[in-house]
2 protein chains.
Amino acid sequence: MNNGVNTGDAPKNFHSLRERILERRDLFPKRLSQVAAFALDNADEMAFGTAASIAARAHVQPSTLVRFAQSIGYAGFSDLQAVFRERLRERPSTYDERLEALRNDANRDSSVAILGGVIAAAQYSVESVSSAIGSQAFEKAVKALAAAETIFLVAQRRSFPIASYLAYTLGKLKVKNQLVSSPFGIESEQMAFATPRDAAIAISFSPYAAPSMEHARVLSQAGVPVVSITDSAFSPLVPLSQHWFEIAEADFAGFRSLSASIAFALALAIAVGEERTRIKK
Amino acid sequence: MNNGVNTGDAPKNFHSLRERILERRDLFPKRLSQVAAFALDNADEMAFGTAASIAARAHVQPSTLVRFAQSIGYAGFSDLQAVFRERLRERPSTYDERLEALRNDANRDSSVAILGGVIAAAQYSVESVSSAIGSQAFEKAVKALAAAETIFLVAQRRSFPIASYLAYTLGKLKVKNQLVSSPFGIESEQMAFATPRDAAIAISFSPYAAPSMEHARVLSQAGVPVVSITDSAFSPLVPLSQHWFEIAEADFAGFRSLSASIAFALALAIAVGEERTRIKK
DNA sequence: ACGGAGGTGGAATAAAAATTCCAATTATTA
DNA sequence: TAATAATTGGAATTTTTATTCCACCTCCGT
């Protein structure tokens with residue numbers, strides 16, 4: 001007595017539901033595919049809306065929603081909706097909320113509170129990178145760097161760890177690079193070898209270290225394409241750069257981590273490495 | 001015609017609702033405080049449950065929920081619930097989900113996909129730090145480091161950026177430190193000054209760089225307390241350390257970012273700085 | 001072009017849920 | 001301690017929401 005519908009094998013979690021829908025993508029009749037597409041694109045709506053409201057937004061009848069649910073194996077729409085609701089429960093809380101909670105925390109200046117705060121700030125910063133970076137800009141910068149013979153790395157003080165990480169990673173990827181920084185004061189001599197066929201990555205955050213600015217200026221004037229990683233559109237690095245990226249690191253008690261910047265730097269390095277292998281082929 | 005209830009001033013978002021409830025905490029009669037407490041502690045339940053199910057879990061009658069909502073200014077329970085639901089909409093999706101989406105992405109090996117993948121992995125790593133680090137262990141390590149005269153920093157290759165960041169940050173915090181790394185091969189001489197009144201932070205990830213191990217061993221044998229940051233409980237650093245922390249960085253296409261480690265390092269540095277000022281007082 | 005199976009819209013119905021109301025209980029004040 | 005007000009529990013009611021059902025349409029094969 002199951003009306004030709006497979007009951008009992010309905011997906012129990014969102015992940016498998018998604019897979020089920022995807023694998024049957026082409027088997028659904030018109031209105032049901034409409035629902036399928038809407039469901040996967042508007043998972044939140046599916047979790048919160050009523051059958052009527054969802055039906056309206058998906059331009060179908062409520063009864064179609066019920067049929068859709070049944071065609072997947074659920075008893076009705078309510079069972080299907082339960083899966084979408086369950087999904088939301090597993091989500092972590094937002095970082096704003098977590099930082100908020102820390103601010104009101106009783107033992108706020110214990111070591112553990114500091115750890116929690118720094119982590120939350122880092123989390124927030126990393127999160128914001130994905131939305132802040134434009135994809136065309138990133139692609140262009142990658143292409144420019146991949147075309148370079150040698151990549152010069154400019155950074156001082158707080159930004160230095162990022163440059164040293166780039167030096168390490170690029171080296172691993174067999175991308176020739178030169179860290180413009182030494183205890184001997186021979187930066188100028190290092191840069192003297194730079195030509196327009198090379199490129200540079202300059203990293204500096206407020207307060208912008210004077211030597212970094214100077215190095216970036218020298219390279220820029222030598223016709224070397226400069227890609228900048230900085231923290232503001234008004235950074236003095238911007239006018240010296242062909243490509244620039246703004247990474248906003250959230251602060252905790254005045255301290256800014258480098259989590260977002262270092263993740264971005266890694267992505268940049270990998271992307272350049274990938275692009276290189278693609279060119280060679 | 002408002003039955004003595006202030007309508008129209010009901011909080012519109014979760015944040016202000018929370019504040020409203022908190023500030024009236026003591027004005028609520030018994031059952032209503034019960035609901036208030038349950039609502040703030042089980043925000044997810046409030047979003048998804050029905051009046052009946054929530055009432056049951058909070059050990060009150062459904063009508064009490066309605067009264068609670070009205071006492072805050074809403075027309076009824078449904079309006080109150082809408083606020084809890086809205087809150088869930090703003091949450092970001094989980095990192096598992098995002099990585100999953102990237103794997104199935106059409107343009108999976110474009111530069112942008114790499115950026116997205118690295119960011120998601122970093123996000124995941126940072127997230128996991130907070131749950132992986134024990135609070136007592138952290139406090140103890142901070143105390144040990146705060147008591148030290150000089151903090152020696154041991155790291156090579158991939159871990160080096162973290163050590164250099166620690167050197168910078170600790171310096172800013174006026175905590176005396178010594179980066180055990182130089183282009184001159186004088187590391188042994190640097191470490192010769194170390195005494196049991198000092199301390200060390202050793203950072204190494206698989207594959208563990210031989211010089212780092214050697215340095216950590218020398219310091220450990222000189223009676224210097226060693227705090228290690230590494231990626232496994234079986235790391236060769238562990239037996240050499242008084243305190244050790246395991247930071248699991250998620251990888252993207254085989255590359256591991258340092259986002260989590262660097263956030264952890266910053267937290268450690270700040271906590272040590274804080275502890276120092278507390279001791280001096 | 002015809003017949004039929006599968007698909008669809010929409011009204012009718014059933015189920016579930018929120019809200020209201022009132023009697024009972026518990027606090028408060030004189 | 002009695003009178004009164006506030007709070008509460010729970011059944012009754014209303015509203016909202018999901019589901020079912022059936023007439024009609026569409027597309028496919030002959």
Side-chain angles (χ1 to χ4, degrees), chain A residues 1-7 10 17 21 24-39 42 44-86, chain B residues 1-7 10 17 21 24-39 42 44-86:
Chain A
M1 208 171 297
N2 66 15
N3 304 315
V5 171
N6 285 327
T7 54
L17 169 59
I21 292 175
R24 297 198 184 174
R25 185 203 291 272
D26 304 318
L27 303 175
F28 288 121
K30 192 171 151 211
R31 287 286 120 99
L32 294 200
S33 350
Q34 215 170 307
V35 173
F38 182 86
N42 304 69
D44 281 12
E45 200 59 36
M46 291 294 290
F48 292 115
T50 67
S53 72
I54 295 167
R57 287 205 45 192
H59 305 294
V60 295
Q61 291 293 321
S63 50
T64 306
L65 287 183
V66 176
R67 277 195 289 268
F68 175 74
Q70 288 171 341
S71 81
I72 299 176
Y74 298 99
F77 170 73
S78 302
D79 285 10
L80 171 69
Q81 190 176 42
V83 174
F84 282 89
R85 291 190 168 178
E86 202 48 50
Chain B
M1 209 169 294
N2 67 12
N3 303 314
V5 171
N6 285 327
T7 55
L17 169 59
I21 292 175
R24 297 198 184 173
R25 185 202 293 272
D26 304 317
L27 304 175
F28 287 121
K30 192 170 150 212
R31 288 284 119 99
L32 294 199
S33 345
Q34 216 170 305
V35 173
F38 182 88
N42 303 68
D44 281 12
E45 200 60 37
M46 292 294 289
F48 291 116
T50 68
S53 71
I54 296 167
R57 288 206 45 194
H59 306 294
V60 295
Q61 291 292 322
S63 50
T64 306
L65 287 183
V66 176
R67 276 195 288 267
F68 175 74
Q70 288 172 341
S71 80
I72 298 174
Y74 299 99
F77 170 73
S78 301
D79 285 9
L80 171 70
Q81 191 176 42
V83 174
F84 282 89
R85 291 188 169 179
E86 201 48 51

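All heavy atoms count here, side chains included; hydrogens, waters and symmetry mates do not. Worth saying up front: this structure is predicted, and the values here are computed from it rather than measured.
- At the phosphate of C:dT20, OP1 or OP2 sits under 4.0 Å from a side-chain N or O atom of B:Q70.
- Side-chain atoms of B:Q81 come within 3.5 Å of backbone N or O of B:G49 as a donor-acceptor pair.
- Whole-Å rounding puts the A:Q81 CD to C:dA17 P distance at 11 Å.
- Counting only N and O atoms by type, the side chains of B:Q70 and B:R67 include no donor and acceptor under 3.5 Å apart.
- Remark: A:R85 engages no residue in a side-chain hydrogen bond (donor to acceptor under 3.5 Å, both in side chains) (not counting sequence neighbours).
- When rounded to the nearest whole Å, the span between CZ of A:F68 and P of C:dT8 equals 12 Å.
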Please tabulate, for the side chains in residues 57-64 of chain A, all donor-acceptor contacts under 3.5 angstrom to protein atoms that are two or more places apart in sequence or on a different chain.
residue, atom, partner, partner atom, Å
A:R57, NH1, A:E45, OE1, 3.1
A:T64, OG1, A:Q61, O, 3.4

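- Residues satisfying the ring-ring contact (aromatic ring centres under 6.0 Å, His included) criterion with B:F38, sequence neighbours excluded, are absent altogether.
- Contacts classified as salt bridge (charged side-chain N to carboxylate O under 4.0 Å, His left out) and involving residues 71-82 of chain B (residues at least two apart or in different chains) are not found.
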Footprint string (nucleotides 5-14 of chain D, 5' to 3'): B base within contact, S backbone only, - free, heavy atoms under 4.0 Å: --SBBB----

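- Counting heavy atoms from C-beta on, the side chains of B:L17 and B:L80 come closer than 4.5 Å.
- One atom, CZ of B:R85, and another, P of C:dA18, lie 9 Å apart when rounded to the nearest Å.
- For residues 45-55 of chain B, proximity to DNA chain C is found at B:T50, B:A51, B:A52, defined as any non-hydrogen atom under 4.0 angstrom from a strand atom.
- Ring-plane geometry between A:F68 and A:F28 is classed as tilted, the angle between the planes lying from 30 to 60 degrees on a 0 to 90 degree scale.
- Atom pair A:L80:CG and D:dA18:P shows a separation of 12 Å (rounding to whole Å applied).
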